[in-house]
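Here the structure is laid out as structure tokens; the discussion comes afterwards.
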Amino acid sequence: MHRKWDQNIYLEDLKKAVGNVGFVMGVVVLTVILMRTVLVFAKTPGTTPVLEICSFPMALSGFTIFSAAFPSWAYANQYYKEARNHYDYFVVSRMSWKKYGVMRIISVSISGGLIMAIPLAIVFSYSYMIGSRELGYLFEGMKIRVVIQNLGIPMVLCIKTGLGFLFGAFWALVGFLSSFLLKNKYAPFLIPFVLSQFFWVIFQDYPMLNPNHLVRGENLDSYGLSAFLLFVYVFIAALSIFLAFLRKENQ
């Protein structure tokens, strides 16, 4: 009976994570921002390589500057709301703080990941419809060009969407951890943005460690390495949240 209650509340939490106004707004706003630099290519369909079209939204739309703030729109401040209403203690009266932390890690990761992945999937799909299947001189001399030729453009676009999901999951977890530690409703929106800008400074000599360089995949000339490093960031953020909840349980 207790296990069934856990499953029900996990499922309910996931539904709330992707079924709220913040999630919808994040997806819509980010889609509009990304699409506005792609629509111009619809005037000359079939003349520009698909992957070249896909590179424009991330380079010219302001995506890189503000991308870290969007994943938190959906669910990163949920703990602050629950703590303010003392709902968190109602939940932990039926499950441990550790289980509560795991539940929130999963729901926040999925909501933040989808906020990034859905707009990217829409933009990439549209780009594939209006773009040329040729690579032209794109990524000339890079190892990743061979990878694209072997996998095919549709698979590469799926991989890039997956990178977006990991990127969004990481920043959503950072936002949630900020909210949990600072007990402030604005923290999950401000801290990821500030930290994202800080990364440009501390990793200026090591750009491959900057998450902002990993979301495209081509910057490191390796989709696999980009995915691995993003997964490491997600793991570090998730582990930090789990340890924070474990400490709260032992208090």
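One-based numbering along the sequence shown.
A distance of 10.5 Å separates CG of Leu229 from CG of Leu163, quoted to the nearest 0.5 Å. Atoms OG and CG, on Ser55 and Leu138 in that order, are 6.5 Å from each other to the nearest 0.5 Å. Between the SG atom of Cys54 and the CG atom of Leu34 there is a distance of 10.5 Å, given to the nearest 0.5 Å. Taken to the nearest 0.5 Å, the CG atom of Leu120 stands 12.0 Å off from the SG atom of Cys158. Between Ile106 atom CD1 and Asp13 atom CG the span is 9.5 Å, to the nearest 0.5 Å. Taken to the nearest 0.5 Å, the CD1 atom of Ile144 stands 5.5 Å off from the CG atom of Asp221.
Remark: side-chain polar atoms of Tyr233 are paired, donor with acceptor, to backbone N or O of Leu209 under 3.5 angstrom. Within the 3.5 Å criterion, the main-chain N or O of Gln78 finds no donor-acceptor partner in the side chain of Arg104. A donor-acceptor pair under 3.5 Å is absent between the side-chain atoms of Asn210 and the main chain of Pro207, judged by distance alone. Remark: the backbone N or O of Val50 is not paired with any side-chain donor or acceptor of Ser127 at under 3.5 angstrom. Between the side chain of Asn219 and the main chain of Leu214, no donor-acceptor pair closer than 3.5 Å is present. Without hydrogens or angle criteria, Lys183 side chain to Tyr80 main chain gives no donor-acceptor distance under 3.5 Å. Remark: the backbone N or O of Lys16 is paired with a side-chain donor or acceptor of Asn20 at under 3.5 angstrom.
There is no path of hydrophobic side-chain contacts, each under 4.5 Å, that joins Ile153 to Val146. With hydrophobic clusters built from ILVMFWY side chains whose heavy atoms lie under 4.5 angstrom apart, Tyr137 does not share a cluster with Val156. Criterion: ILVMFWY side-chain heavy atoms under 4.5 Å apart, direct or through other members. Under it, Ile130 and Leu39 are part of a common hydrophobic cluster. The hydrophobic clustering, which links ILVMFWY residues whose side-chain heavy atoms are closer than 4.5 Å, places Met116 and Tyr126 together. Leu225 and Val232 end up in the same hydrophobic cluster when Ile, Leu, Val, Met, Phe, Trp and Tyr side chains are linked at under 4.5 Å.
Across all their heavy atoms, Ala76 and Gly175 have their closest contact at CB-C, 3.8 Å. The minimum heavy-atom distance linking Ala172 with Ser72 is given by the pair CA-OG, 4.2 Å. Contact between Ser107 and Ala17 at its shortest, heavy atoms only, is O-CB, 3.6 Å. Of all non-hydrogen atoms in Pro57 and Thr37, the two that sit nearest each other are CA-OG1, 3.2 Å. The two residues Leu181 and Ala244 make their nearest non-hydrogen contact at CD2-CB, 4.5 Å. Considering every non-hydrogen atom in both Gly131 and Ile53, the closest pair reads CA-CD1, 3.7 Å.
Contact annotation: the side chain of Phe170 never approaches that of Leu230 to less than 4.5 Å [non-hydrogen atoms, C-beta and beyond]. With contacts defined as side-chain heavy-atom distances shorter than 4.5 Å, the pair Val29/Trp73 qualifies. Considering only heavy atoms from C-beta on, Ser222 stays 4.5 Å or farther from Lys143 through its side chain. Considering only heavy atoms from C-beta on, Ile236 comes within 4.5 Å of Ser240 through its side chain. Two residues are said to be in side-chain contact when any heavy atoms from C-beta on lie closer than 4.5 Å; Lys99 and Tyr10 meet this criterion. Residues Trp171 and Leu166 form no side-chain contact, since every pair of their non-hydrogen atoms from C-beta on lies 4.5 Å or further apart. Counting heavy atoms from C-beta outward, Leu51 and Phe139 have side chains that approach closer than 4.5 Å. Here the side chains of Ile159 and Leu151 are in contact, with some heavy-atom distance below 4.5 Å.
The number of heavy atoms from other shown groups lying within 6.0 Å of CD (Gln149) is above 12. Atom CE of Met142 is surrounded by more than 12 heavy atoms from other residues, nucleotides or ligands within 6.0 Å.
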Step by step, work out the side chain to side chain donor-acceptor pair (under 3.5 Å) result for Asn77 and Ser179. CA-CA 6 Å; Asn77 67 338; Ser179 178; over 6 Å; no
Start with the C-alpha gap between Thr161 and Ile118, add the side-chain angles, then the distance that decides, and say whether side chain to side chain contact (heavy atoms under 4.5 Å, CB included) holds. CA-CA 8 Å; Thr161 302; Ile118 293 175; over 6 Å; no
Check the pair Val215, Ser67 against side chain to side chain contact (heavy atoms under 4.5 Å, CB included), reporting the backbone distance first and the verdict last. CA-CA 10 Å; Val215 67; Ser67 56; over 6 Å; no
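For the residue pair Ser196 / Asn212, a side-chain donor-acceptor distance below 3.5 Å is found, with atom types taken as modelled.
Residues that satisfy the side chain to side chain contact (heavy atoms under 4.5 Å, CB included) test with Phe231, not counting sequence neighbours, are absent from this structure. Every side chain to side chain contact (heavy atoms under 4.5 Å, CB included) that Phe245 has, sequence neighbours left out, goes to Tyr79, Trp97, Tyr100, Phe176, Phe180, Ile241.
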Per-pair distances, 0.1 Å, donor-acceptor, side chain in residues 42-49, under 3.5 Å, sequence neighbours excluded:
unit_1 : atom_1 : unit_2 : atom_2 : d
Thr44  : OG1    : Thr47  : OG1    : 3.3
Thr47  : OG1    : Thr44  : O      : 2.7

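For the pair Arg133 and Tyr128, the cation-pi test (distance below 6.0 Å, angle within 45°) is passed.
Exactly one of Phe199, Phe203, Trp200 qualifies for a ring pair (Phe, Tyr, Trp, His ring centres under 6.0 Å) with His213. That residue is Trp200.
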